[in-house]
*Asks:* 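The structure that follows is given in the form of structure tokens.
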There are 2 protein chains.
Amino acid sequence: MTPSTTRAPTKPTGLDCRLAVLGSDVRLTPHRREVFDVLASSTDHPTAYDILDRVKSRSPHISLATVYNCLEHLTTHGLIKLVHLERGQSRYCANLHEHVHFHCETCGKVIDAHPASDFDPAKFWNLPKGTRVTRTDLAIHGTCNACATQS
Amino acid sequence: MTPSTTRAPTKPTGLDCRLAVLGSDVRLTPHRREVFDVLASSTDHPTAYDILDRVKSRSPHISLATVYNCLEHLTTHGLIKLVHLERGQSRYCANLHEHVHFHCETCGKVIDAHPASDFDPAKFWNLPKGTRVTRTDLAIHGTCNACATQS
DNA sequence: CATGCAATTAGAATCATTCTAATTCTAAAA
DNA sequence: TTTTAGAATTAGAATGATTCTAATTGCATG
């Protein structure tokens, strides 16, 4: 597949779903919609494999490659967030509210935590002059209540 | 190699180097020492491959497996820190002072930023009751001054 | 209804890391 | 001082996660 010319993506019409985010128009094919819905209804920060498993109940023939493609598309269009807490599989998150991730190092659970007050972490650190900040990722590692009490 | 009994690690003596960190005594073999020294004199948050390249100038026969082993040992003993900013290779950091990582999404550079005032990020977030925090990782993503000005 | 590109797919390829089994080294026991 | 047990190191295989490739399918426009 070596296209000789490039053309703007087909405009979304008909069966396509659309979602307006950050002022841009994101085209959602059925698969992309399903991947997004699965993630939006998950609170456990699933991996690509987890998402494949869950989407399969509705679309049994979807492939891992398509899940990765959809996740990539959704991420670059700002509909979901990619989370890197440790080595190995990336995790995904559809919570677009300002939040941080608490990661339990015992059971591996990831919990969203929301700010107690409005707060810009970037203000607290001496960043070099001229630095432009686009996003901050705060990961808090430790032991969750369940693991802490049963030990 | 299937040891029938387990014995406490050999006590460091003679040629072994030692470093007292966080109250524990960390045994440093020559390779571990070299890996640590390379990292301590680097400010660019090198990957395991980067470290292998740099250590090779002193120990041409060191293997990637040994570099990983040394990094693992140094990490679990608190002498260095593991940094996950994006997909792919992990990065390592010997700066044990409280700091965060600024990651330039254009050139990939990683810059340490130190706190402007004393600050506990965990205080600003509503963590579930009973949560124990062991460490926090703050990654700030954006564009560094050099990349911002030349675009 | 034909055309062209986007989306999807299966499977191969790549990349990062960990594992395995053999070898070497070192410190303490004999 | 020699022996010896286990730790460290090694090369290369294996695994796991992700990306790439090439072929196919689906859809919207001409």
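A, B, ... follow the sequence lines: proteins, then strands. Residue 1 opens every chain.
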*Asks:* Write down the distance between NE2 (A/H73) and P (C/dT8), rounded to a whole number of angstrom.
*Replies:* 9 Å
*Asks:* How bent is the helix from C/dC1-D/dG30 to C/dA30-D/dT1, comparing axes over its five end pairs at each side, to the nearest 10°?
*Replies:* 10°
*Asks:* Walk me through it: do B/T136 and A/L138 pass the test side-chain contact (heavy atoms from CB on, under 4.5 Å)?
*Replies:* CA-CA 7 Å; B/T136 60; A/L138 176 57; 4.2 Å; yes
*Asks:* Does C/dA16 have OP1 or OP2 sitting under 4.0 Å from an N or O in the side chain of B/T47?
*Replies:* no
*Asks:* Can you see if the side chain of A/S90 gets near the phosphate of D/dT18 - specifically, an N or O under 4.0 Å from OP1 or OP2?
*Replies:* yes
*Asks:* Can you list every ring pair (Phe, Tyr, Trp, His ring centres under 6.0 Å) pair that touches residues 93-113 of chain B, not counting sequence neighbours?
*Replies:* B/H45-B/H101, B/H99-B/H101, B/H99-B/H114, B/H103-B/H141
*Asks:* Once salt bridge (charged side-chain N to carboxylate O under 4.0 Å, His left out) is applied, what residue pairs with a partner in residues 57-73 of chain B remain, sequence neighbours excluded?
*Replies:* none
*Asks:* Any side-chain heavy atom of A/K129 within less than 4.5 Å of one from B/N145?
*Replies:* no
*Asks:* Between C/dT14 atom C1' and B/Y49 atom OH, what is the distance in whole Å?
*Replies:* 11 Å
*Asks:* With a 3.5 Å distance limit and no angle check, can you tell me whether A/S42 reaches the backbone of A/V38 through a side-chain donor-acceptor pair?
*Replies:* yes
*Asks:* Rounded off to whole Å, could you give me the CG-to-C1' distance for the B/L28 and C/dT26 pair?
*Replies:* 16 Å
*Asks:* Round to a whole Å and report the spacing from CD of B/Q89 to P of D/dT18.
*Replies:* 14 Å
*Asks:* So does A/R87 get a side-chain nitrogen or oxygen closer than 4.0 Å to the phosphate oxygens (OP1/OP2) of D/dG16?
*Replies:* no
*Asks:* Can you confirm whether B/H31 sits close enough to B/V35 that some side-chain heavy atom of one is under 4.5 Å from a side-chain heavy atom of the other?
*Replies:* no
*Asks:* Return each pair, listed once, that meets salt bridge (charged side-chain N to carboxylate O under 4.0 Å, His left out) where at least one residue sits in residues 89-105 of chain B; pairs must be two or more places apart or across chains.
*Replies:* A/R135-B/E105
*Asks:* Between A/H31 (NE2) and D/dC27 (P), how many Å, whole number?
*Replies:* 10 Å
*Asks:* Between C/dT8 and A/T29, is there an OP1 or OP2 to side-chain N/O distance shorter than 4.0 Å?
*Replies:* yes
*Asks:* Using whole Å, report how far CD of B/E34 lies from P of D/dA8.
*Replies:* 16 Å
*Asks:* Let's see if you get this right: which residues in residues 50-72 of chain A place a heavy atom under 4.0 Å from DNA chain C?
*Replies:* A/H61, A/I62, A/S63, A/A65, A/T66, A/N69
*Asks:* Partners of A/T43 by side chain to side chain contact (heavy atoms under 4.5 Å, CB included), sequence neighbours excluded?
*Replies:* none
*Asks:* Does the side chain to side chain donor-acceptor pair (under 3.5 Å) test come out yes or no for B/D50 and B/T47, once each step is laid out?
*Replies:* CA-CA 5 Å; B/D50 294 335; B/T47 64; 3.1 Å; yes
